[in-house]
Amino acid sequence: MPFSHLPTLLAEALSARGYAAPTPVQASVIEPEAEGRDLIVSAQTGSGKTVAFGLAIAPQLLTEDEGRLPPPRAPLALAIAPTRELALQVSRELEWLYAKAGARISTCVGGMDASRERRSLSHGAHIVVGTPGRLRDHIERGALDLSNLKAVILDEADEMLDMGFREDLELILDASPSERRTLLFSATMPKSIVALAKRYQKDALRISTVGEDRGHGDISYQAVTVAPADIENAVVNLLRLHEAETAILFCATRDNVRHLHAGLIERGFAAVALSGEHSQNERNAAMQALRDKRARVCVATDVAARGLDLPSLSLVIHVELPRDAETLQHRSGRTGRAGKKGTAILIVPYQRKRRVEMMLRGARIAVEWMNAPTVDDIRKADKSRLMTMLMEDVEVDEDDRALGAQLLEKKSPEDIAAALVRSYRARMPAPEEMIEQSGANQREPGKEHHREGFDDVKWFRMDIGRRQNADPRWILPLICRRGHITKNEVGAIRIAANETMFQVPSAIAAKFMAAVKRTAGEEAEGGVQFEAVQGGPVEAERGPRRANGPAPVRHNPRPTLRPGGPNKRPQR
């Protein structure tokens with residue numbers, strides 16, 4: 001369906017922007033049955049919904065004779081978004097869509113100069129875009145007049161309610177004229193959204209363009225299993241393997257964003273960070289660095305990344321697992337937009353694989369499971385990229401040719417080519433060795449692995465086994481982390497149905513158990529029980545006897561990127 005039946009100026013703007021036909025959500029909101037009605041719209045992230053509601057409100061904004069906007073006075077339309085980034089993105093989209101119609105758009109978001117916003121409002125505006133808290137502040141101060149409002153749009157309404165903006169939204173809607181149109185865009189329809197629609201909408205038309213397959217068709221999902229201690233190394237290797245033009249890494253808290261961002265900078269990645277602790281100026285600078293390619297990696301929390309629109313973004317890495325399938329899709333939806341292909345990768349600690357499988361199955365998202373890329377994998381990819389890059393035609397001036405000729409007189413072509421390759425390699429951060437490739441997964445149950453220094457050992461027991469998804473690849477890092485020893489100081493690991501036995505040299509057994517006891521309080525939740533036992537697995541099968549020493553110590557193996565205090569509330 002073409003845009004021919006739209007107002008001429010909007011159709012021209014869409015054509016200039018490269019739109020040949022509307023997306024499904026855009027086509028739905030401009031159907032005759034939707035004209036003039038309140039709407040409840042469910043659409044996937046990246047489906048063109050900002051343009052969709054811009055088109056939907058056109059009849060309320062444009063004059064019938066010329067298809068232009070009247071002189072700016074009190075706003076005719078109000079668009080509300082949950083975050084500054086999304087509000088700014090909405091404002092930019094509406095600006096180009098309504099530019100030829102002479103629109104004046106004011107943006108009101110937290111973190112910006114409120115006095116400047118009030119001056120902008122006093123000069124008149126056709127459309128106001130803002131965040132709930134700042135809009136409420138302008139209404140209460142008398143700077144924002146809603147008396148002439150024809151339409152209100154709530155973008156990502158479910159997210160605004162999750163973030164605690166219900167009271168602000170209700171105040172704004174109560175202050176608006178009762179005859180206005182209310183367009184509610186929400187990816188999900190929880191009870192809170194249904195209640196909001198029932199209270200503030202009249203005879204609303206329900207539109208859904210979310211298909212049975214809830215995953216994005218333009219996004220390929222992958223899941224990488226790793227040992228908990230290897231999460232950060234896996235991030236490095238995934239970035240190096242894909243070498244995406246722009247990538248975003250999602251963490252759960254601002255502390256973890258800070259930690260991962262610092263680690264990537266230290267390794268030589270051009271990275272920026274976005275979290276609740278950053279000011280608006282810092283956010284703007286980070287976004288600009290991504291747009292002009294000075295930075296290629298963005299480390300962010302969920303809330304800080306809402307509304308990010310980067311055309312070059314092709315890779316999303318879920319460094320810490322999303323809390324549910326909806327969060328997974330919101331995160332992943334930053335890529336695979338406007339018909340472009342994208343990749344979303346979940347980093348899954350071994351012991352949480354079953355939970356992730358259930359979440360993906362419930363969300364009907366097809367995912368490819370794989371191991372983290374190795375150093376060899378990355379080197380192979382680098383060779384292919386280097387060959388392609390070095391074989392490209394380049395423009396050289398006479399000085400370059402003269403210098404090249406001098407080099408050929410002093411060095412062989414092979415030496416010069418090798419030096420060129422080395423200079424390219426030097427720009428790339430080094431890949432990381434993964435625990436899985438360092439021998440952790442070679443200590444399988446039922447196999448003896450005699451090594452020097454393990455003639456005199458003590459056996460220890462953990463009360464988890466195969467039925468609890470115990471695996472040497474995450475058990476080994478757990479033992480090392482809690483006992484303050486290295487992987488070379490752990491002998492055989494025997495995994496049974498409900499327990500795991502492992503060896504530690506007798507010389508360090510007392511130190512190991514003391515460290516396990518000392519570090520047990522570092523995790524918030526109870527979990528695995530450690531205890532020393534007499535004899536080995538054969539004796540343990542008859543019923544392990546506790547050795548003289550400390551009582552069993554409990555430990556929770558669930559990993560975090562950077563553990564915080566047990567009572568610390570995560571900050572996004």
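Residue indices begin at 1 and follow the sequence shown.
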Heavy-atom pair of closest approach, residues [X] and [Y]:
X: Val516; Y: Gly483; value: CG2-CA, 3.9 Å
X: Asn284; Y: Leu88; value: OD1-CD1, 4.4 Å
X: Ala509; Y: Lys458; value: CB-CG, 3.6 Å
X: Val348; Y: Ala223; value: CG2-CB, 4.3 Å
X: Leu478; Y: Met462; value: CD2-CE, 3.6 Å
X: Ala430; Y: Val236; value: O-CG1, 3.8 Å

Under a 3.5 Å distance rule, please check whether [X] uses its side chain to pair with a backbone N or O of [Y] as donor and acceptor.
X: Arg296; Y: Ala271; value: no
X: Thr335; Y: Val316; value: no
X: Thr500; Y: Ile464; value: yes
X: Asn237; Y: Glu432; value: yes
X: Gln26; Y: Gly48; value: yes
X: Glu159; Y: Glu156; value: no
X: Arg283; Y: Ser275; value: yes
X: Arg461; Y: Phe530; value: no

Pair Met513-Lys517, side chain to side chain contact (heavy atoms under 4.5 Å, CB included): steps then yes or no:
CA-CA 6 Å; Met513 200 61 199; Lys517 182 178 180 181; 6.0 Å; no
Modelled atom types, side-chain donor and acceptor of [X] and [Y], under 3.5 Å:
X: Glu320; Y: Asn256; value: yes
X: Ser312; Y: Thr246; value: yes
X: His318; Y: Ser332; value: yes

Tell me, please, which residues at least two apart from Ser423 pass side chain to side chain contact (heavy atoms under 4.5 Å, CB included).
Leu420
When you compare the side chain of [Y] with that of [X], does any pair of heavy atoms fall below 4.5 Å?
X: His261; Y: Arg258; answer: no
X: Leu328; Y: Leu360; answer: yes
X: Arg518; Y: His484; answer: yes
X: Phe250; Y: Asp302; answer: yes
X: Val257; Y: Thr253; answer: no
X: Glu232; Y: Leu260; answer: yes
X: Lys49; Y: Val41; answer: no

Please indicate whether Arg355 has more than 12 foreign heavy atoms, meaning atoms of other residues, nucleotides or ligands, lying under 6.0 Å from its CZ.
yes
Taking NZ in Lys511 as the centre, count heavy atoms belonging to other residues, nucleotides or ligands within less than 6.0 Å. Is the count above 12?
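Check passes, neighbour count above 12.
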For the pair Phe460 and Phe502, name the ring-plane relationship: parallel under 30°, tilted 30 to 60°, perpendicular over 60°.
parallel
Would you please name every residue forming a side chain to side chain donor-acceptor pair (under 3.5 Å) with Arg385, sequence neighbours left out?
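By the side chain to side chain donor-acceptor pair (under 3.5 Å) rule, Arg385 matches Asp382.
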Pick from Asn233, Leu239, Leu238: which one makes a side-chain contact (heavy atoms from CB on, under 4.5 Å) with Val235?
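Testing Val235 for a side-chain contact (heavy atoms from CB on, under 4.5 Å) against Asn233, Leu239, Leu238 leaves exactly one candidate, Leu239.
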Report the distance from atom [atom1] of [X] to atom [atom2] of [Y], rounding to the nearest 0.5 Å.
X: Leu321; Y: Ile231; atom1: CG; atom2: CD1; value: 8.0 Å
X: Ile485; Y: Cys480; atom1: CD1; atom2: SG; value: 5.5 Å
X: Gln222; Y: Ile347; atom1: CD; atom2: CD1; value: 11.5 Å
X: Arg323; Y: Met359; atom1: CZ; atom2: CE; value: 11.5 Å
X: Leu346; Y: Trp369; atom1: CG; atom2: CH2; value: 7.5 Å
X: Thr225; Y: Met370; atom1: OG1; atom2: CE; value: 10.0 Å

Run the side chain to side chain contact (heavy atoms under 4.5 Å, CB included) test on Ile248 and Leu274 for me, step by step, so that the C-alpha distance in whole Å, both residues' side-chain angles and the decisive distance to 0.1 Å come before the verdict.
CA-CA 10 Å; Ile248 185 166; Leu274 288 176; over 6 Å; no
Using the rule given for side chain to side chain contact (heavy atoms under 4.5 Å, CB included), can you reason through Thr343 versus Tyr221, listing the C-alpha separation, both sets of side-chain angles and the distance that settles it, and then say yes or no?
CA-CA 6 Å; Thr343 302; Tyr221 285 86; over 6 Å; no
Stepwise side chain to side chain contact (heavy atoms under 4.5 Å, CB included) test for Val224 and Asn371
CA-CA 5 Å; Val224 172; Asn371 292 323; 6.0 Å; no
Quick test of your reading of the model: are Arg467 and Glu499 salt-bridged, counting only N-O distances below 4.0 Å?
no
